[in-house]
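Working notes, structure below.
Here the structure is a predicted model, which means the values were calculated and not measured.
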Amino acid sequence: MDEPLAILDAPHQSDCVQIVRGLIADDGGTVVSVLHELNIALQADHVVVMDAGRIVHQGAPHEAATHAALQQVFQHRLSIFQVRDRWVALNA
């Protein structure tokens, strides 16, 4: 899916993610999606970080290397924190 959440407000983004997980991912399927919503992307099972069309990192959203790659790609203009059981990206 290419930017499926771009036109949705936050509550509807959450609804969309839950629907997709319920219909596809929870049944053993795979979902590949391009997202600029980092807080949603950090809820994925696996994150691929790209810069200028190239893959610069692949890993789990909880890995320090994933956080470092995101910070590098976004010129250290964001910080990543754990809030309860989720990772969130905030403007630095």
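Taken together through direct or relayed side-chain contacts under 4.5 Å among Ile, Leu, Val, Met, Phe, Trp and Tyr, Met50 and Leu35 form parts of separate hydrophobic clusters. Clustering ILVMFWY residues whenever any of their side-chain heavy atoms sit less than 4.5 angstrom apart, transitively, puts Ile19 in the very cluster that holds Val31. By the criterion of side-chain heavy atoms lying less than 4.5 angstrom apart, applied directly or through intervening Ile, Leu, Val, Met, Phe, Trp or Tyr residues, Ile7 is grouped together with Val17 in one hydrophobic cluster. The hydrophobic cluster containing Leu5 does not contain Val20, counting ILVMFWY residues as joined when their side-chain heavy atoms lie under 4.5 angstrom apart, directly or transitively. The hydrophobic clustering, which links ILVMFWY residues whose side-chain heavy atoms are closer than 4.5 Å, places Ile80 and Val73 together.
Between Asp9 and His12, the side chains place a donor N or O and an acceptor N or O closer than 3.5 Å (distance only, hydrogens not considered).
Between Gln72 and His57 the shortest side-chain heavy-atom distance does not fall below 4.5 Å. Looking at heavy atoms from C-beta onward, Arg21 lies in side-chain contact with Asp45 at the 4.5 angstrom threshold. Between Leu38 and Leu70, the closest side-chain pair of non-hydrogen atoms falls below 4.5 Å.
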Pair Gln43, Trp87 - check side-chain contact (heavy atoms from CB on, under 4.5 Å), show working.
CA-CA 7 Å; Gln43 294 177 40; Trp87 290 96; over 6 Å; no
Given side-chain contact (heavy atoms from CB on, under 4.5 Å), test Leu42 with Val88 step by step and report yes or no.
CA-CA 7 Å; Leu42 287 168; Val88 296; 5.8 Å; no
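When atom types are taken as modelled, the side chain of Gln58 and the backbone of Val48 share no donor-acceptor pair closer than 3.5 angstrom. A donor-acceptor pair under 3.5 Å links the side-chain atoms of Ser33 to the main chain of Met1, judged by distance alone. With hydrogens and angles ignored, the 3.5 Å screen pairs no side-chain donor or acceptor of Gln71 with any backbone N or O of His76. A donor-acceptor pair is defined here as one N or O able to donate and one able to accept, closer than 3.5 Å; such a pair exists between the side chain of Thr66 and the backbone of Ala60.
Within 6.0 Å of the CD atom in Glu3, the count of heavy atoms belonging to other residues, nucleotides or ligands exceeds 12.
Taking both residues in full, the closest heavy atoms of Leu78 and Ala89 are given as CD1-CB, 4.5 Å, listed atom of the first, atom of the second, then distance. When all heavy atoms are compared, the tightest approach of Ser79 to Ala92 is OG-CB, 3.9 Å. In plain terms, the two heavy atoms of Gln13 and Leu8 that are nearest each other are NE2-O, 3.2 Å.
The line from CD1 of Ile40 to SG of Cys16 is 9.0 Å long, rounded to the nearest 0.5 Å.
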